[in-house]
Amino acid sequence: MATTRVLIVDDEILVRSGLSLIVGSAPDLEVVGDCSGGRAEEEVQRLRPHVVLLDIRMPDLDGISVLRRLRALPEPPAVAMLTTFDTDEYIGTALKAGAAGFLLKDTAPEQLVHAVRVLAAGGNILSPTVTRTVIGGYVDGGGPDAGATALARTLTGRELDVLALLGEGLSNAEIADRLFLGTGTVKDHISAILGKLGTVNRVQAAVVAHRAGLVKPQPRGNG
């Protein structure tokens with residue numbers, strides 16, 4: 001079994017320690033290091049991790065700046081941003097900078113391990129909670145966007161179905177179950193969607209789905 005190398009970047013030592021314990025508990029994952037934002041680029045070049053878990057807010061060097069530096073490297077690792085619900089204003093910038101996904105700091109241990117495996121396999125992390133609360137809030141206000149709607153019109157009917165479910169934060173397997181398709185077929189559709197929309201990953205595609213009005217607003221606070 002191939003081992004996935006993981007670097008954890010956060011300004012809080014306790015957070016780094018906790019994440020290291022969780023990720024390192026999986027037999028196929030190895031935490032090769034942890035550091036604050038200011039040392040991230042140096043450590044990535046030295047340790048060559050496959051996946052970086054990166055805090056979006058850090059005092060010495062913010063996560064967006066670190067992300068941009070890492071994405072500019074010749075062979076950049078997959079980077080997922082660690083967020084809380086009060087970081088909405090940074091989401092759009094992180095999307096444009098090429099973040100492979102977003103994880104809440106209170107993500108359950110088993111979900112965190114799964115997320116790292118998905119990132120290592122070249123996938124993107126887009127949990128329903130993050131999609132509906134953070135990305136949904138980021139694109140909220142004013143109804144469908146004309147540019148996103150025009151992009152959506154370049155897709156086939158089945159691709160629109162897939163994009164709408166992707167915008168809800170569903171995984172490939174969940175989309176396949178919902179649409180009665182094979183997971184391989186879903187992957188092919190998503191590749192075609194990313195190409196037609198000009199997006200680099202499914203997170204950015206999900207924003208287009210929201211902006212094009214393909215995702216139904218989620219009801220709030222009905223207890």
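In this text, all values refer to a predicted model and were calculated from it rather than measured experimentally.
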Taking all atoms of both residues into account, what is the closest heavy-atom pair of [X] and [Y], and its distance?
X      : Y      : result
Ala94  : Met81  : CB-CG, 4.3 Å
Arg178 : Leu170 : NH2-CD2, 3.5 Å
Asp11  : Met58  : OD1-CG, 3.7 Å
Ala80  : Leu119 : CB-CD1, 3.6 Å
Val44  : Pro49  : O-CD, 3.5 Å
Val51  : Ala120 : CG2-N, 3.7 Å

Listed by chain and number, what are the side-chain contact (heavy atoms from CB on, under 4.5 Å) partners of [X], not counting sequence neighbours?
X      : value
Leu14  : none
Ser17  : Ile13
Ala146 : none
Leu112 : Leu19, Ile22, Val23, Leu53, Leu103, Thr107

Can you name the side-chain hydrogen bond (donor to acceptor under 3.5 Å, both in side chains) partners of [X], sequence neighbours left out?
X     : answer
Arg5  : none
Ser65 : Asp62
Ser36 : Asp60

Inset, instruction - Please determine if Lys105 and Asp55 form a salt bridge, counting it only when a charged side-chain N lies under 4.0 Å from a carboxylate O. - result: yes
Inset, instruction - Could you tell me whether Asp145 and Arg211 make a salt bridge, using a distance below 4.0 angstrom between a side-chain N and a carboxylate O? - result: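 Here Asp145 does not pair with Arg211 in a salt bridge, since their nearest N and O are not under 4.0 Å apart.
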What distance separates [X] [atom1] from [Y] [atom2], expressed to the nearest 0.5 Å?
X      : Y      : atom1 : atom2 : result
Thr156 : Leu163 : OG1   : CG    : 10.5 Å
Thr83  : Asp106 : OG1   : CG    : 9.0 Å
Leu214 : Leu155 : CG    : CG    : 8.5 Å
Asp34  : Glu12  : CG    : CD    : 13.0 Å

Is the shortest heavy-atom distance from the side chain of [X] to the side chain of [Y] under 4.5 Å?
X      : Y      : answer
Pro76  : Leu70  : no
Val6   : Val32  : no
Arg153 : Thr149 : yes
Leu179 : Leu165 : yes
Val116 : His50  : no
Leu82  : Leu54  : no
Glu41  : Arg46  : no
Val9   : Leu7   : yes

For [X], which residues count as a salt bridge (Lys or Arg N to Asp or Glu O under 4.0 Å) partner, sequence neighbours excluded?
X      : value
Arg117 : Asp28
Asp161 : Arg158
Arg48  : none

Inset, instruction - Would you sort out whether Thr4 and Glu30 count as a side-chain contact (heavy atoms from CB on, under 4.5 Å), showing the intermediate values? - result: CA-CA 6 Å; Thr4 296; Glu30 178 188 3; over 6 Å; no
Legend entry - Common cluster, Leu73/Val66, ILVMFWY with side-chain heavy-atom separation under 4.5 Å: yes
Check: residues 184-198 side-chain donor-acceptor pairs under 3.5 Å, at least two apart:
residue, atom, partner, partner atom, Å
Ser191, OG, Lys187, O, 3.1
Lys196, NZ, Glu159, OE1, 2.9
Lys196, NZ, Glu159, OE2, 3.4

Legend entry - Sequence neighbours excluded - side-chain hydrogen bond (donor to acceptor under 3.5 Å, both in side chains) pairs with any residue from residues 68-77: none
Inset, instruction - Step by step, work out the side-chain contact (heavy atoms from CB on, under 4.5 Å) result for Ile64 and Ile56. - result: CA-CA 6 Å; Ile64 301 299; Ile56 203 167; 4.2 Å; yes
